[in-house]
2 protein chains.
Amino acid sequence: MRVLAVEDDHRIAADVAAALESAGFHAETCANGEEAWFRGDTEDYDLIVLDLGLPGMDGLSVLKRWRAAGREVPVLVLTARGAWHERVEGIEAGADDYLPKPFRMEELVARARALVRRAAGHGAAVQNAGALSLDTNRMAVTVRGVPVPVTALEYRLLAYLVLNRDRVIPPTELLEHVYGDDDSREANALEAVIARLRRKVGPGVIGTRRGFGYFVEGGGA
Amino acid sequence: MRVLAVEDDHRIAADVAAALESAGFHAETCANGEEAWFRGDTEDYDLIVLDLGLPGMDGLSVLKRWRAAGREVPVLVLTARGAWHERVEGIEAGADDYLPKPFRMEELVARARALVRRAAGHGAAVQNAGALSLDTNRMAVTVRGVPVPVTALEYRLLAYLVLNRDRVIPPTELLEHVYGDDDSREANALEAVIARLRRKVGPGVIGTRRGFGYFVEGGGA
DNA sequence: CGGGGGCTGTCAGCTTGCTGTCAGCGGCGC
DNA sequence: GCGCCGCTGACAGCAAGCTGACAGCCCCCG
């Protein structure tokens, strides 16, 4: 199980490597974009952990190059907290998962394991909740088997609700998760997104508990 | 569900305690390191929320001492924003999760729940008292298995009563807890809410002790 | 480099149903 | 039996949340 950790902050790199090692991976590190690209292109890794903020070639470019070259190694992207556009770009560029900084090493390890497992063929990357079904790989949504086109923002919101199904989520928590911390939005923005989502997925999927927040119910595990 | 919140800033401590209480925990607070260590070592808590910046014994030392003594209680560490080394040290010292200040109470509660659930295998966030059953995740109430729709205000009131079951709660205390401190309401408002609740949950659930206050009895743990 | 389409935040108006107030009643305690 | 505390049902005010429209923005495409 070889892992390449691409991270320019040496302390974080060392921490990540240590955590992965103790989880049973063989970890190598690399601190700049060009080298990362070269090694990812010429060596065979079971997983690559990729920080986006890199000196030299940008992490996103590195990832895109790998994908363009047909490399299908699972990539776990590390993004700055709140910079969700980075996440979206990362996913679109072909990342398999992302992890906002700062994170706990345990979480990194857990996701790394999940990615490797999924790549090995065992992973259920589809989350179901009632009539809703959410493909976390393709960022696609279906309702009762019918595909529903959703935007990136809508997907993030819906994914959070589905992930926390059977729990009422306060608007503040949703706002923070969906928009990071840069909060200059009117509270109404959230309601607008909810409304648009509801129109797409149909009634009876996203519920409101007045005074508390929103929820989806999770019949389908 | 006992929680110990160790925090030297009394206002933060009060906020944290209030948030945890309304989430169904029984919260105790403590403002200095030595006392925290002693109580964490001698009492049985389901979760400890630990601020690192403490007068007296430092939070990290407290945590290390607990771990050295074999105490495996889940610990959620509060760190100053951006103090990376604190987080790493905290994790290494045996913390189960950390939360950078400033944080939202919702996030604290969410992480607290996650920690407790993880530690307890699968603790359902459900509080029972007699025929009453109160799901703190869905903010839902059932009586003898029958779901009862309650409003936000009613839920808050009922949750407080259930949390303090087998104790007579004076109206003043209820008012203070359910509404902030803005006591511009007539005393009758509380009675109105109680009446509406009683009509919904049926008789024999919420009792009155004339001249003292209200209570619910807690047969079902 | 300019045009266009899709995404998203803001706004205003509206609906819904929660909630405080009031007046009158009932029952408990003395 | 009397008084007072607490209960109840009605009601109106109001705030939370919904919706449709619109405009700014970004990105893609020509």
Side-chain angles (χ1 to χ4, degrees), chain A residues 60 64 83-93 139 141 148-158 161 168-216, chain B residues 139-141 148-159 161 168-215:
Chain A
L60 267 181
K64 282 180 188 161
W84 50 266
H85 52 92
E86 276 192 3
R87 295 175 208 167
V88 176
E89 288 167 8
I91 298 286
E92 282 170 356
M139 297 186 72
V141 175
V148 172
V150 293
T151 70
L153 182 66
E154 289 163 359
Y155 176 84
R156 250 177 290 139
L157 203 160
L158 193 56
L161 287 176
V168 177
I169 317 288
T172 52
E173 187 180 336
L174 268 180
L175 278 170
E176 185 177 342
H177 177 84
V178 173
Y179 299 114
D181 289 321
D182 46 342
D183 245 355
S184 59
R185 281 147 186 107
E186 295 284 323
N188 202 338
L190 187 64
E191 296 169 12
V193 180
I194 291 275
R196 282 193 273 263
L197 256 177
R198 281 195 176 130
R199 201 179 321 159
K200 287 183 180 178
V201 301
V205 178
I206 303 175
T208 305
R209 191 129 286 168
R210 187 173 258 250
F212 285 117
Y214 300 92
F215 66 94
V216 305
Chain B
M139 310 286 190
V141 175
V148 172
V150 292
T151 70
L153 185 65
E154 289 163 0
Y155 177 86
R156 250 179 292 148
L157 202 158
L158 195 56
L161 287 176
V168 177
I169 317 289
T172 52
E173 186 180 338
L174 269 178
L175 277 169
E176 186 177 339
H177 176 83
V178 172
Y179 311 105
D181 287 316
D182 50 339
D183 41 8
S184 61
R185 279 138 184 120
E186 297 283 325
N188 200 334
L190 186 64
E191 296 169 10
V193 180
I194 292 275
R196 281 193 275 261
L197 257 177
R198 280 194 176 130
R199 198 183 325 162
K200 287 182 180 178
V201 301
V205 179
I206 303 175
T208 306
R209 181 138 295 162
R210 213 180 171 80
F212 290 104
Y214 301 92
F215 65 93

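Chain naming here is simple, since letters A, B, ... match the order of the sequence lines and numbering starts at 1 in each.
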Which whole-number value in Å describes the distance from [X] [atom1] to [N] [atom2]?
X: B:I194; N: D:dG9; atom1: CD1; atom2: P; value: 15 Å
X: B:M139; N: D:dA16; atom1: CE; atom2: C1'; value: 16 Å
X: B:L197; N: D:dT8; atom1: CG; atom2: P; value: 12 Å
X: A:L175; N: D:dA16; atom1: CG; atom2: C1'; value: 15 Å
X: B:L190; N: D:dC5; atom1: CG; atom2: C1'; value: 14 Å
X: B:N188; N: D:dC7; atom1: CG; atom2: P; value: 10 Å
X: A:L174; N: C:dG9; atom1: CG; atom2: P; value: 13 Å
X: B:L157; N: C:dG20; atom1: CG; atom2: P; value: 10 Å

Determine the minimum heavy-atom distance between B:Y179 and B:A189, stating which atoms define it.
->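 Minimum heavy-atom contact is OH-CB, 4.2 Å.
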Return the minimal non-hydrogen interatomic distance between A:R198 and A:I206, and the atom names on each side.
-> NE-O, 3.1 Å
Does [X] place a side-chain N or O at less than 4.0 Å from the phosphate oxygens OP1/OP2 of [N]?
X: A:T208; N: D:dA16; answer: no
X: B:R198; N: D:dC7; answer: yes
X: B:Y214; N: D:dC7; answer: yes
X: B:Y179; N: C:dG20; answer: yes
X: A:T151; N: C:dT8; answer: yes
X: A:Y155; N: C:dT8; answer: no

Check if the side chain of A:R210 and the base of C:dT16 share a donor-acceptor pair of N or O atoms closer than 3.5 Å.
-> yes
Considering only heavy atoms and no angle criterion, is a donor-acceptor pair shorter than 3.5 Å present between the side chain of A:R196 and the base of C:dG9?
-> yes
Is there a side-chain contact (heavy atoms from CB on, under 4.5 Å) between A:E173 and A:Y214 once you walk through the steps?
-> CA-CA 10 Å; A:E173 187 180 336; A:Y214 300 92; over 6 Å; no
4.5 Å side-chain heavy-atom contact, B:V205 and B:L197 =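 No, too far: nothing below the 4.5 Å cut-off.
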From the options D:dT8, D:dT19, C:dT10, select the nucleotide whose nearest atom is closest to the side chain of A:E191.
-> D:dT19
On DNA chain C, nearest-nucleotide positions of A:A192 versus A:K200: which is more 5'?
-> A:K200
Donor-acceptor pair, side chain of B:E154 and main chain of B:T151, under 3.5 angstrom |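 Yes, B:E154 side chain to B:T151 backbone: donor-acceptor pair under 3.5 Å.
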With sugar-phosphate meaning primed atoms plus P, OP1 and OP2, does B:F212 contact a base, only sugar-phosphate, or nothing at under 4.0 Å between heavy atoms?
->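 No contact.
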